[in-house]
Amino acid sequence: MRINKRLYKIAICFLVIALLSGCGTSRELNELGIVIGVGIDKEEESDAVKITTQVVKPGQVSSGGKGGGGGEEAYANFEETGRTVFAAIRGIANKSSRKMYFPHNQVIIIGQNAAKDGVTKYLDFFMRDPETRLNVYLLVAKDTAAEVLETKSKLERVPGNSISLMLDSEANAASQAIDIRLRDFKESLQLKTVASVAPIIEVSEENGKKTATLNGTAVFKGDKMVGTLDKSEGRGLMWVLGKVKSGIIEVECSNGNLVALETVRAKGEFSSELVDGKVKIKVKISEEGNIGEDAGTEDISTLDEVAFLEQQNADVIKSEVMAAVKKAEELDADIFGFGESVHRKYPKEWTSMEDKWDEIFPTIEVEVEVEAKLRLMGRINAPSVPQ
Amino acid sequence: MKLEKGVITNTQLIYLILSFLESMVISINFSYGISKQDTWIAVLAAFVITIPIMLGYTAIAKSYPGKNLIQINDEALGPYVGKLFSALYIWFLFELMIHYAYFFNSFWITYIMTETPRLVFVAIFILVSAFAVWSGIETIARCSVIFTIIVSITVVFVISLLLKDMKIVHFLPILDLTPKDFIQSVHIILTIQFCDLIAFLMIFPYTKNNKAIRKPMLLALCLSTLMLLIVVLVNTAVMGVRITNTTSVSFAITREIDIGNVLTRLDVLVALTLLATVFMKVSVFYYTTVLGLAQLLGLRSYKPLIVPIGLIAIAISANLYPSDMEQVYAGRNIWPFNAMLFEIILPLITLITIALRNLFKDTGGENE
Amino acid sequence: MFNYIQKVIRYRKMTSSGGSGAKESPEAPKESSDELSEDLEANIQLIQGIIVESNDLNIRRFVIGKKVKAAIIYIDGLVDKTLVNETILKPLMYHSEMDSPPETVDIDYVESELLFVGGIDSKQKVNEAVNKILSGDTVFLMDGAAKALIIALRGWKMRGIEEPETEATVRGPREGFTETLRINTSMIRRKIKNPNLKFETLTVGDRTKTDVCIAYITDLAKPELIEEVKRRLNKIKTEAVLESGYIEQYIEDAPYSIFATVGNSEKPDKVAAKLLDGRVAIIIDGTPFVLTVPCVFIESFQSPEDYYSRFAFTSALRMIRFTAFFISILAPAIYVALSTFHQELIPTQLILSMAAAHEGVPFPSLVEATIMLLFFEILREAGVRLPRPIGQAVSIVGALVIGEAAVTAGLIGAPMVIVIAVTAVSSFTIPAQLDSGTIIRIVLLILAGFLGGFGIAIGMFALLIHMVNLESFGTPYLMPIAPFDKSGLKDSFIRAPLWTMLKRPKGMSMDDVKQKKPSGPPPFNEN
């Protein structure tokens with residue numbers, strides 16, 4: 001029993017010590033600068049990196065906030081340069097009353113210069129730091145990232161939030177800009193032959209107001225940006241990767257009128273084959289869609305017409321894929337991960353090919369097989385014209 | 001003279017072993033960097049090698065029913081060698097305890113609370129664990145039932161949320177690594193994950209039916225291997241190549257859960273589950289250390305040893321390695337060989353001695 | 001654990017013996033073991049020497065058959081005077097008018113032929129007689145008899161059987177126990193018409209001499225359990241027992257624990273159900289609260305109504321109760337841990353609203369939560385003690401002032417008010433754990449405020465270890481969960497249909513009567 005008492009005493013001592021020292025690490029919500037977007041730019045002249053962080057002002061952004069809004073912005077941007085990302089971020093502490101808090105970061109935007117310089121060194125902090133998350137979206141700015149974070153969104157109060165919502169909705173409606181999260185990017189960076197991609201965001205001016213627009217896809221070789229894909233090439237890439245969720249394909253029907261077909265489901269996969277030491281890739285895409293709009297006057301709901309439209313649809317998909325393949329081969333960047341599939345299927349042969357992949361990739365033969373199906377015609381069958 | 005009066009049922013023994021082995025989920029991180037996407041094969045291989053070792057352990061326990069490792073050492077190896085062996089084992093159990101405490105705290109301050117001093121965590125952790133040890137093996141065993149259920153639910157929950165992020169291609173190509181790496185990985189899994197079950201040689205005598213320990217032991221081993229295998233498979237399927245340079249995979253994947261922006265950010269749930277598993281592990285090692293030491297020193301109760309051992313453990317564990325880099329290096333390259341001495345070589349000597357004794361004692365008709 | 005109790009008892013003994021030196025005053029009943037003599041006046045003197053002169057002590061002297069002097073002694077107000085007159089005085093004093101009175105009248109003759117009363121006992125010791133007088137019995141003494149007849153004609157004003165206010169039910173019997181021991185035992189007997197139902201009475205309390213009755217069913221309750229209950233009751237050394245809480249605190253397994261390991265109820269149906277599980281009930285004179293042992297954690301979540309309603313709904317209710325319990329102990333702690341340590345776990349939109357609400361709040365979250373909890377407890381305490389109409393006014397003022405004004409003034413964030421309100425409402429769903437819940441909540445809150453999620457986890461581990469370690473009269477406190485018992489789970493987080501619950505709770509009843517007698521599917525399911 002005496003020992004019991006002693007244990008209690010020691011326990012209480014420890015608790016007190018522990019509680020006292022633990023208390024210093026807590027942070028109240030109003031001490032945090034909640035970062036929603038980060039921009040990474042490389043300075044033109046020097047090697048320094050310029051970090052832009054977009055911090056929310058909670059009092060302004062909350063819908064329930066009393067007297068919120070007014071003319072005041074709901075966010076503040078902080079800029080700081082440094083030789084390393086971390087140093088620049090901590091440098092912001094000299095300008096901000098609150099500590100930068102990254103777990104709620106939505107987007108990382110990399111400026112064109114930084115992207116061409118090689119991104120690994122800029123992104124290491126965001127992969128290593130315990131606070132940052134790998135679920136954050138990664139984009140490349142057509143010009144500088146700081147500029148993108150300065151744009152005004154017409155609907156949202158914080159640009160960073162707007163960009164991430166834009167990527168979400170774009171993926172479900174158009175599937176022309178690939179949505180890449182940091183974790184996908186990390187994976188492709190770690191695979192030797194796979195070329196990484198990221199969507200491009202540019203600043204466009206409308207009525208004197210700057211807005212951010214998604215436009216195309218950036219292609220990286222290693223960690224350096226080497227080129228871009230346009231919108232349809234971007235979708236070509238997404239067909240192959242099976243990332244298309246929805247999208248509109250415009251085809252001509254048999255008498256030349258435009259018809260818009262909506263993709264509802266799509267599956268894409270590819271396999272590699274070694275024939276006489278030469279790599280052959282077979283891409284197989286199966287797509288299901290609906291008739292979304294008929295710009296002509298003919299009834300296109302006949303079986304013959306549907307078969308024709310399905311063929312047209314398949315051809316468009318095939319051409320988009322081939323365009324993407326062509327562009328990739330031009331850039332000598334294996335954005336699809338063809339090399340990785342060879343690696344998985346032929347691990348022995350791969351050892352000799354791995355180092356020569358740059359030479360092999362532009363020469364590989366790609367065979368695309370598309371199966372497109374139309375399912376629904378909508379609320380009307382023939383267009384509303386006098387028959 | 002029995003130091004522990006509590007009795008646990010054989011079903012509780014299964015749960016105790018299960019919750020004891022569940023912390024493999026974190027300690028498997030040592031292997032990912034070496035055997036990459038083939039870690040699951042290494043797990044299977046290690047499991048196959050473990051079975052005969054486990055049979056050896058149970059054979060030792062069965063030849064002296066109702067006696068724990070320290071008493072067996074005395075009887076089988078004589079008072080001097082036996083005492084030496086016992087001291088070595090106790091040191092090993094103590095080492096395991098402080099390593100797990102250090103190991104978990106590394107994880108915690110890397111991911112959850114980066115600014116809190118290590119000593120605070122170790123101190124509180126060991127303190128609560130001391131409370132469990134104080135309450136005896138019965139309490140630990142009863143807690144293990146609850147912990148096992150909680151951990152299993154969490155594992156199933158997390159896996160079901162990650163289903164959409166899994167890619168089968170991440171396993172390919174199979175066996176794309178050098179034999180040396182594979183053997184190293186198997187060795188690590190064998191010594192770090194499985195064979196620290198030697199601690200249970202201290203606990204077997206307190207089971208209700210201490211002659212029938214082989215079945216619960218193997219059953220628990222199979223179940224926990226199954227769980228480990230599932231976790232490794234899920235981790236690999238989600239992480240792919242990123243698995244090689246992530247420090248705490250099982251935890252990192254839960255940060256990637258994102259179901260419609262609602263079921264997201266579940267890290268702490270998993271972190272607390274991991275805390276529960278390590279807590280069980282540290283408690284079992286703590287308990288066996290003090291129990292063994294009390295037996296070695298011929299005390300009437302193990303309770304007076306709880307506080308001093310705990311204080312020493314806190315002091316050592318808070319400063320065990322100068323850096324995490326060193327800890328990972330040791331975990332991969334030094335510890336497996338250190339552990340092999342205690343987990344394989346010493347029990348083997350004991351087992352052979354027992355076998356020889358039986359051979360000379362009787363006409364040789366009986367074995368084991 | 002027993003050492004603990006022994007220690008406590010020893011400690012009690014020490015303090016009571018230490019203090020008794022000063023208390024050894026003449027007014028204390030002398031523990032004399034004098035025998036009654038054959039002299040009536042001497043006996044009356046003896047009794048008067050023990051019971052101080054008090055005007056409710058009534059000594060009525062009279063003569064039987066014109067020659068034998070006799071007396072009855074009783075306390076005014078504790079006996080039914082009409083009955084005393086009718087059944088004692090009348091027959092004895094009319095005795096001489098009888099047709100053929102015997103030559104000599106001795107006490108046995110009085111007992112066997114003259115008294116018209118059911119309950120008669122005889123005592124030789126003065127002390128025993130005095131105790132009986134004080135308990136409300138009437139003592140009959142007569143010249144030439146060295147013993148007293150104890151005539152049970154108790155009768156006093158008592159509260160009628162009412163619906164208990166502490167355990168209101170929608171469906172189920174409305175009666176509740178009263179302050180009178182006999183009425184309480186009769187209510188249990190009416191529920192269980194079983195010859196094996198046994199009541200045993202002890203007296204506890206040196207001064208109050210309170211009757212304590214142990215009830216159990218002999219072929220269900222474990223003999224060890226009954227022995228243990230008796231042993232602990234007999235070991236109680238205390239001056240006064242005014243309520244069952246006194247007994248509870250003396251016989252608990254772990255007096256320092258925050259959990260009660262003795263159950264109590266005001267409802268006969270609940271107590272009867274516990275007796276049928278093989279538990280032992282302790283009924284104390286003077287209080288409507290009946291104790292039942294062993295008492296396990298899960299009982300706090302079981303209401304007698306659960307068994308009267310349909311099982312699916314009850315099962316849902318059970319889960320709601322468990323959820324509510326966890327909310328009530330964890331909600332403030334989790335809120336504080338999330339908002340000061342793990343902000344990364346809050347969904348982005350939510351953290352923005354929370355941050356907006358916390359903008360300009362002068363206190364840290366921990367202080368905010370502690371203040372609110374404190375206010376809540378004060379409000380509750382104020383409401384409980386006041387008469388009901390004022391109590392309502394208090395809660396309205398409290399809710400308005402704290403909820404509305406504090407948020408408008410920017411002293412407290414609105415989310416914190418919501419969290420505390422949810423906690424408060426949840427805590428009322430499990431009345432049995434209201435006291436322990438309050439303590440756990442505050443401890444966890446402090447741990448969370450200093451150590452975040454780690455603190456909560458460590459607190460919960462310690463709590464779990466403590467609860468697992470706890471026993472109530474030999475039954476583990478977390479019974480169907482740890483140690484795990486599959487059949488017990490049917491009546492824990494869910495309530496299985498009655499006909500599937502074939503076994504009594506494990507570890508309480510005797511092993512050979514585990515099976516409940518009428519078992520099987522409901523009779524209409526036979527096809």
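Owing to the predicted nature of the structure, the values given are computational and were not obtained by experimental measurement. For the numbers below, each heavy atom of this structure counts, side chains included, while hydrogens, waters and symmetry mates do not.
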Counting heavy-atom pairs under 4.5 Å with chain B, the top scorer among A:Glu131, A:Met127, A:Lys186, A:Arg181 is A:Lys186

In short, A:Gly337 meets A:Val194 closest at the heavy-atom pair CA-CG2, 4.0 Å

- Shortest non-hydrogen contact from B:Met97 to B:Ala313?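 Looking at all heavy atoms of both residues, the closest pair is CE-CB, 3.4 Å.
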
If one checks every heavy atom of B:Val169 against chain A at 4.5 Å, the contacting part turns out to be both

Okay, B:Ile243 and chain A: the region with an atom under 4.5 Å from a heavy atom over there is neither

Contacts of type salt bridge (charged side-chain N to carboxylate O under 4.0 Å, His left out), residue A:Arg98, not counting sequence neighbours: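 Scan of A:Arg98 (salt bridge (charged side-chain N to carboxylate O under 4.0 Å, His left out), adjacent residues dropped) gives C:Glu359.
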
Per the salt bridge (Lys or Arg N to Asp or Glu O under 4.0 Å) rule, what does the pair list look like for residues 347-357 of chain A, sequence neighbours excluded?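 Only A:Lys192-A:Asp355 qualify under salt bridge (Lys or Arg N to Asp or Glu O under 4.0 Å).
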
Margin query: If I measure from the heavy atoms of chain B, does A:Arg133 come under 4.5 Å with its side chain, its backbone, both, or neither?
Written below: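 Side chain only.
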
